[in-house]
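Okay, structure first, notes after.
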Amino acid sequence: MAYEHKRIEEKWRKHWKDAKTYRVENDPQKPKFYALDMFPYPSGAGLHVGHPLGYIASDIVSRYKRHKGFNVLHPMGYDSFGLPAEQYAIQTGQHPAKTTEVNIARYREQLDNIGFSFDWSREVRTSDPSYYKWTQWIFLQLFGSWYDHEQDKARPIGELIERFEKHGWNGGDGSAITGNEELDPLVEFSHTDWATFSEKHQQQILLRFRLAYLSEAWVNWCPALGTVLANDEVKDGVSERGGHPVERKRMPQWSMRMTAYAQRLLDGLDPVSSPGLDWSESIKEAQRNWIGRSEGALIRFALSAGTGVVEVFTTRPDTIFGVSFVTLAPEHELIEKITPPERMAEVMAYVTQAKNRSERERLTEVKRVSGVFTGAYVKHPFTHMDIPVWVGDYVLGGYGTGAVMAVPAGDQRDWNFASHFNIPFTAVTENWDISKGADESKEATLTNSVFLNGMKVADAIPRAIDELIAKNAGERRINFRLRDAAFGRQRYWGEPIPIYYKDGIPYPLPESELPLVLPEVDKFLPTEDGEPPLARATNWNYNGLAYETTTMPGWAGSSWYFLRYMDPGNEGRFASPEAINYWQQVDLYVGGSEHATGHLLYFRFWTKFLKDRGWINFDEPAKKLVNQGMIQGVSALVASVTRTEWESKTIVIANESIVLVSKGMVDDLNKPKTIDLVRSLFVRHQPEIEVASAELVHIHGVTWRYVPVDNVDSADAVVLDKTLTSIMPWADGLPIEAVFENGKLVCKREVEKMSKSKWNVVNPDDIITKYGADTLRLYEMFLGPIEQSKPWDTAGIEGTSRFLKKFWNLFHTESRNQESGISESFIVSEEAPSKAELKILHATLKKVEEDIEKMSFNTSVSQFMIACNGLHELKCSKRQVLEPLTIALAPFAPHIAEELWSLLGHNTSITTATWPKWDAQYLVEDNFSYPISFNGKTRMQLEFPTALSKEEVEAQVLANPEVQQRLEGKAPKKVIVVPKRIVNIVL
RNA sequence: GCCCGGGUGGUGAAAUGGUAUACACGAGGGACUUAAAAUCCCUUGGUCCGUAAGGGCCGUGCGGGUUCAAGUCCCGCCCCGGGCACCA
C-alpha cells in the first residue's frame, strides 16, 4: 500500500471543493492578510513548471498565516484581454472570447491539480463586462480629473472649470500640461476670454489638463501589428512581442498623464518617505531609472535675429560660459522658422534624413556623429556673444525641450560633436586638457566663467541659476525621463474606451451607460481605410454619435484588479468602502521582475490616483513585493547540414531531404567517412544525385535546430521510438536522415527562457501524475532561493518524493501476510515523547516558522528532511511529535498533511488547525562540543556543560593533556572563548 | 558606460564574523531479493604521508587589508546574469 499520492490528492481536492474550505469572508473581527500573485495571462500553451513557483510560495505563506489566525485573502484570476488571443482570432476567425474561455479552463484544471488554497469564488477576469465596467469607470474618473500642483493631487475637472470661470489661466499651472505642449503651447487667457470661448474651444483646453486625454502625440507605431506600442513594449526599435519594426509617428492618441505623478512615484520608493514599502532594491532602482528625475535649469537663449527664444534644459547651468553652440533635435519645430533661406535646402535635407533614421539605426550607430549648421545664432545671456545654432540627431525630440546648450568642455557628446565639426571651444574647469575630451567631473573647479570662477560645481550650479533668474533668462527646472503612458490600441480584444465624439470632441459616456460592451465585428482586422477593428461594428453608437474605436491597453485591467478581489460581486461600486477598508494594501505581492517598469508603475499610479480622489485610503498598492526567479528550460538542439558543395553543376541539390549530424561529429564534418555517409543519405531520397554522379566535396556548416525536449533522453540523445520527421517540429514533412554516433543522435543543450518556440517547455501535469502535487510543490521550493533563476531539472525530484514517503512511514508500518500480501497499519502512539524527539520537533517548528517569515522555503524543506531523518532513526511514531509536525508541513504539502490529520482522528480540516508554538525550553543543550582551534584552525573537539562560564571553559581546555601537548609547555598569548560557539587559542 | 544581483563540491545548494560544504541529487560500496525495482545502511572537496588507526597541507572567482577568527566586513580587480542608456 504505502503512500498513494494519487488517491490521497484526488480525495482531498474534491473534499476542499465540496466543503468550500478556501472560501474567505470579509470578517472585520479577524486580522487580515492579503497575499496576491501577479495576474496570469491565460496563454494557449497552458501552465509550465515556472508559473507555479511564485504561486506555491504565496500559497505557503497564505496557509501559514491562516494557521496563525489571520483571515487570508489569496485570490486568483485572469488578465484575459490580450494580443495572442486576438492574433489567433485573426488567423482562425475564432472569437477571442472563445479561445480565452478554453485557455482559462485549461489553466484552471492545472492550477487545481497543484492544490492551491485560492478562493475561486472571487475569481476575476479582465475581459468580463462586469469587471471592465469598473475599468471603464476608473477611466472616466481619470478623464474627469486634472492634477492640481498646488495641492499636489488629482482633483475633479469641475474645480478647474470653476477656476477658469473666475480667474482664467495665467500659465502658472503649466507643469500639469504635457500633451502637445511642444507643438502648440497653451497661451494664457482671462476669465472673460474663457466665457467667450466656444464649447469646442473650452473642451480642447480642458483636454490639456485631463489625466486621461487625447492629443497628437509621438507614438511608437508598429505597421506589422497595426497598433501603437508603449515605450516599454518596444525593445531595440522592434516590438517586444513578435519583433516587428517600430517607427516614430505623430497620431491622435489617448494617453495617461502619468508624468503628473512622477515625483510621487519616485518618493514612494524612498525608504524615508515610504518606510513600509518592502520591495527589492533592484526593482526600486529600475523604477527610479525609468522615472529618471534630473535637476537643473531651463535656460532661454534669445535669437540674434528676429524675435523668439530657444529653450534648453541642462543639469549643468554652471557651465554656461562654456557654451559654444546650441543643438536642436531634428524634430524641433523652430528649425524651419530660424533657418535663413540660403541654408534651408541643406538643413531640411539633413532634418528629413535624420528623422527618417529608424530608432534601430539611432541605437546601433551611437558613435556616428552627424549634424548641420542652421545659419542662425542666439545670444549668450551673460556675454551677449552670438552662438551658432546646429541641428544634431544626438539630441532627442522627446526629452527636455528638444534642445541642448552644447558645452564641449563639460559634456562628452558635445565634445564629440564639436570635434567632428571643428567648432572652437574653451575649457571651463581648472587644470583640464580639453584636447583629450570633456571634463564631466562634479568635483571640478570652474574657470573662464566670470562670476563662477574658483567655485566648485556644486556651489556654482545654484549661483548660475540665481543669476539666470535675475536676468530673466532661465529658471530652476526638474525634468523627468518618464513619458505619459500611451493608452489606446488599434485592437479589438480590449476594453472599449467609454467615450463618444461630438463635433470632433471626445465626451465621457454617462456612468449609467457602463459597461460599454465590446461589440461584435465581422473580422478582427483594421478596416480598409486603416481604422481599428471596432469601426467595423454596425449600429454601435451613442444616440447616433460615434464611439471611440481604440481599446485600452493590456495594463488597464491589471492596474486595479487587487481592489476587485476584495469585493468581486459588487454591482454598485468597484469595491465597497468596507471591503477596501478591511483588506487595505496587498501584504505580499509575488511575481516576475519583468514587470518592474511596466505593470508595477501603472499599478502604483492608479492607486495614487484613486487615493487622491478619495476612493481608497492608501497610496501604495503592495507593501511587500517578492520577485520569483525564472525557471529556465533546457533546450535541446540538433545539428542539421545546411551548406554543402557538390562537384557536378548539372543538377541542383534541392531541399528535398534533411540530414542531421550527431553532436560529436560536428567539429570535424569533412572527414571522408562522414562525407560519404552524408552523401549516401542525400542519395537515398534524391537518386538523381547518383544518376548525375554528383560528388559531395565539402560540408560548409550546420544549423542548430530545436528538438522538443520530451524526445531527448538524459544522455542528450534523441529517443528514436518515432520517425525523425515526426519528432522535428520544423521538418515540414520532409524526410530526415541522420549520421549517428555509436547508434545515437546526440543534441547540444542550452539553458534559456522556457518558451513554446524553443520546444523546451515542461508542464507540471506529467510530474504530478508521476510524483503528485505535494512532491512538485516541495521540489519547486527545494530548488533554491525563490528569487533566483534556475534551469528546470527533474534530477533531484526523487529526494522530495522519498522524503514524503519517509514521512508517511513514520505514521505507518508495513507487514507481510501470507494471505493478503503486504498490508499497512497506522501506528501512531500516545506515548510521551523523549527529550531528543521534542528537541527535533521544536527545532523544526522554530526553523520553519522563521524561514517562512523570510520566504526561505528551500531551507525549511531541508529542515523537514532533517526532522524526518532524525525521527526515523529514533523510530518515533508518537502523536505529540507527529501531530504538530503535520500542521507545520501542511502549508507545503497540503494533501498528505490533510490525510494524516484525518488519520490522526480529526474531523475538521487541517487548514483550521492552530500553528504549533515552539518552546525554547526543549532546545536547551546540556553540553556543547566545543571546536578547539589554534590560531583559528580547528584541531579537536572537547565537550563541556553549557552551564560553564567562559573562565571555567578556558581553565578546563588548558588543563586538557592534548591541548597541553600542542602548547609544548608555552603559555598561549590569548584564549578566546565564545560560549556555545568556539574556543580559539592564540599561540 | 551607469545601476542592481551573483560567483562555494560532479550537480541544485546551506552557513547571526565563530567547526565551510547542512539538506538533496548523482556516484561508489554493502544488505534484503532467484533476480530486478523499491527500501535500508555506509562512503563521497582536493591533495600528501601512513599497512592501518590517524595525521599534515590546500581549499568559498582573483589580489590585498581589518580581526584572536573572514564565504561573510573593507579596498582594488576579473567573470556571469538582469535593468537602464546619445537623458543634456
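In what follows, chains are A, B, ... by sequence order, proteins preceding strands, each numbered from 1.
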Do A:Glu440 and A:Arg316 sit within salt-bridge range, that is, some charged N less than 4.0 Å from a carboxylate O?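 The answer is no: the pair does not qualify as a salt bridge.
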Under 4.0 Å, counting only non-hydrogen atoms across every strand here, what does [X] touch: a base, just sugar-phosphate, or nothing?
| X | result |
| --- | --- |
| A:Ser282 | sugar-phosphate |
| A:Gln788 | sugar-phosphate |
| A:Asn809 | nothing |
| A:Lys937 | sugar-phosphate |
| A:Ser294 | sugar-phosphate |
| A:Asn479 | nothing |
| A:Pro785 | sugar-phosphate |
| A:Ile976 | base |
| A:Val986 | sugar-phosphate |

Rounding to the closest angstrom, what is the interatomic distance between [N] and [M] at atom [atom1]?
| N | M | atom1 | answer |
| --- | --- | --- | --- |
| B:G9 | B:G61 | P | 8 Å |
| B:C41 | B:C32 | P | 15 Å |
| B:G76 | B:U66 | C1' | 15 Å |
| B:U67 | B:C62 | P | 23 Å |
| B:C58 | B:C2 | C1' | 39 Å |
| B:A22 | B:G45 | P | 8 Å |
| B:U21 | B:A15 | P | 14 Å |
| B:A69 | B:G30 | P | 47 Å |

Is the NZ or CZ atom of A:Lys284 both under 6.0 Å from the centre of the six-membered ring of A:Trp279 and within 45° of that ring's axis?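 No; the conditions do not both hold, so A:Lys284 does not lie above the ring face of A:Trp279.
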Is it possible for you to check whether A:Arg477 lies under 6.0 Å from the centre of the six-membered ring of A:Phe313, through NZ or CZ, and within 45° of that ring's axis?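 No, A:Arg477 and A:Phe313 do not form such a contact.
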For the base of B:U19, is there a side-chain donor-acceptor partner from A:Arg939 under 3.5 Å away?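 No pair found.
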Looking at B:C84, does its base get a donor-acceptor pair with the side chain of A:Asn289 below 3.5 Å? no
My understanding is that only one of A:Ile786, A:Thr800, A:Asn858 makes a side-chain contact (heavy atoms from CB on, under 4.5 Å) with A:Met781; could you say which? A:Ile786
Let me know the distance between CD of A:Gln863 and C1' of B:A22, rounded to the nearest Å. 10 Å
Mind calculating the distance between CH2 (A:Trp290) and P (B:C4) to the nearest angstrom?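 From A:Trp290 CH2 to B:C4 P: 19 Å.
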N or O in side chain of [X] less than 4.0 angstrom from [N] OP1/OP2:
| X | N | answer |
| --- | --- | --- |
| A:Arg481 | B:A85 | yes |
| A:Lys974 | B:C68 | yes |
| A:Lys847 | B:A14 | no |

Please assess A:Leu334 against A:Glu311 for the test side chain to side chain contact (heavy atoms under 4.5 Å, CB included), listing each intermediate value before the final yes or no. CA-CA 10 Å; A:Leu334 265 180; A:Glu311 289 190 326; over 6 Å; no
Which nucleotide, B:U19, B:A38, B:A13, lies nearest any side-chain atom of A:Pro931?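 Per side-chain heavy atoms of A:Pro931, the pick is B:U19.
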From C-beta outward on A:Ile866, which listed nucleotide comes closest to its side chain: B:A22, B:A88, B:A20?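 Selected nucleotide: B:A22.
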If you take the centroid of each ring, where Trp contributes its six-membered ring, are A:His380 and A:Phe321 closer together than 6.0 Å? yes
